Number of protein chains: 2
Amino acid sequence: MEIPAKTVFYTIERTIKTYRRFSKQNFSKVVNDITVDQKLILQYLNDRPELSQNEIAELVFKDNASLTRMIELMVRKRFLKRSIRPEDRRRFNIELTSKGKEILEKLTPVIAENRKRAFAGITEEELAQLQLTLNKILTNLNHT
Amino acid sequence: MEIPAKTVFYTIERTIKTYRRFSKQNFSKVVNDITVDQKLILQYLNDRPELSQNEIAELVFKDNASLTRMIELMVRKRFLKRSIRPEDRRRFNIELTSKGKEILEKLTPVIAENRKRAFAGITEEELAQLQLTLNKILTNLNHT
DNA sequence: TATTTATAATTGATATATCAAATATATGAA
DNA sequence: TTCATATATTTGATATATCAATTATAAATA
């Protein structure tokens, strides 16, 4: 009925938005007042505390200005604490607080469960194929 | 900088954002100051002028409140004009202005070209498969 | 060293996202 | 008709997205 080329991006958009909503709801059962992106930032900083704000921005595919404001908010919420890095006073050291770590621990299994539900009945091969096609699109868009 | 382990949702997110950026750039070569979503709204209203704001919101997968503000802006930019509908004074008739129609005409081939580039080297079957997988995910998320 | 250039982060302006509450109008039931 | 409920839209508050401009510091170079 529909022509895929005309609706693929619509479906992609719909999927990502639906997943965000779904995640948010499940998050809220365990932890108050955290978004999917904030959780992702906590994760990155926990794994690699040396990251700069700009590096994180790139990792989570956001603008530096957005990151500034998100980090600021996360500091205000006491998920993170921030101090100037003496070796380079333009940058900050950003650390998870104990509250931040606690949140991360609570959310990790929720994420796993979210993915499990999202991908129920879908084989690894099918997901790999999905990634492959999306990466082709990405390559097309970046190399023209 | 090293590339982090990517999840499917990360790739989906990255794809949609990259496509939005790509579209925006190509739009700006032809028309000033219009976003992908605004173009989509013009398209829907051109095809189905009887749509209410809430119906459009659902079609473009946005909140009613966002739609109010977007329509407002598009009226301010003279893409649209709006008048109260006498049969139901809660609703509006929203029409494209000649400027709105002109923009739509200019952008239609750009969209086609954008898709062509995005999907270069990808078969219809592959795209259909992509849709299929995404729809499975959507069904999973909506039925749990 | 002094000056230029680059980098990290912030700020300002404007648009959009989201949720809750409010407003206006329509519809249905008592 | 009158009251309760539903619907369409708006508004307010707060967060995020985007672009351009600014600030502070570091690095490069004349």
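Lettering follows sequence order; numbering is per chain, from 1. Predicted model, so just to flag it, every value in this text is computed and none were measured. In what follows, every heavy atom counts, from backbone to side chain, and hydrogens, waters and symmetry copies are set aside.
The backbone N or O of B:Asp33 lies less than 3.5 Å from a partner atom in the side chain of B:Lys77, making a donor-acceptor pair. Judged by distance alone, with hydrogens and angles left aside, the side-chain atoms of A:Lys29 form no donor-acceptor pair with the main-chain N or O of A:Val110 at under 3.5 Å.
As rounded to whole Å, 13 Å separates atom C1' of C:dA17 from atom CD1 of B:Ile41. Atoms CZ (A:Arg85) and C1' (C:dA9) sit 13 Å apart, rounded to a whole Å. In this structure, B:Phe79 atom CZ and C:dA15 atom P are separated by 11 Å, rounded to whole Å. If you measure from atom CG of B:Asp63 to atom P of D:dA8, you get 15 Å, rounded to the nearest angstrom. Counting to the nearest Å, the C1' atom of C:dT16 and the CD1 atom of B:Ile34 are 15 Å from each other. Distance, A:Leu73 CG to C:dT11 C1': 17 Å, rounded to whole Å. In this entry the distance linking CZ of B:Arg20 with C1' of D:dT18 reads 13 Å, nearest Å. Atoms CD (B:Gln53) and P (D:dT9) sit 5 Å apart, rounded to a whole Å.
To the nearest 0.5 Å, atoms CD1 (B:Ile41) and NZ (B:Lys62) are separated by 7.0 Å. B:Arg85 contributes atom CZ, which lies 7.0 Å from atom OG of B:Ser52 (distance to the nearest 0.5 angstrom). To the nearest 0.5 Å, atom CZ of residue A:Phe92 and atom CZ of residue A:Arg82 are 4.0 Å apart. Atom OG1 of residue B:Thr133 and atom CD of residue A:Gln131 lie 11.5 Å apart, to the nearest 0.5 angstrom.
Cation-pi geometry between B:Arg21 and A:Phe61 is met: under 6.0 angstrom from the ring centre, within 45 degrees of the axis.
In this structure, B:Gln38 does not reach the C:dA15 phosphate: none of its side-chain N or O atoms is under 4.0 Å from OP1 or OP2. For B:Lys62, no side-chain nitrogen or oxygen approaches OP1 or OP2 of C:dT16 to under 4.0 Å. Close to D:dT18, at under 4.0 Å from its OP1 or OP2, lies no side-chain N or O of B:Lys24. The shortest distance between the side-chain N/O atoms of B:Asn54 and the OP1/OP2 oxygens of D:dT9 is below 4.0 Å.
Proximity of residues 64-71 of chain B to DNA chain C (heavy atom under 4.0 angstrom from any strand atom) is restricted to B:Ala65, B:Ser66, B:Arg69, B:Met70.
Nucleic acid contact for B:Asp88: sugar-phosphate only, since backbone atoms but no base atoms lie under 4.0 Å from a heavy atom of the residue.
Nearest to the side-chain atoms of B:Arg90 among the listed nucleotides D:dT7, C:dA9, D:dT25 stands D:dT7.
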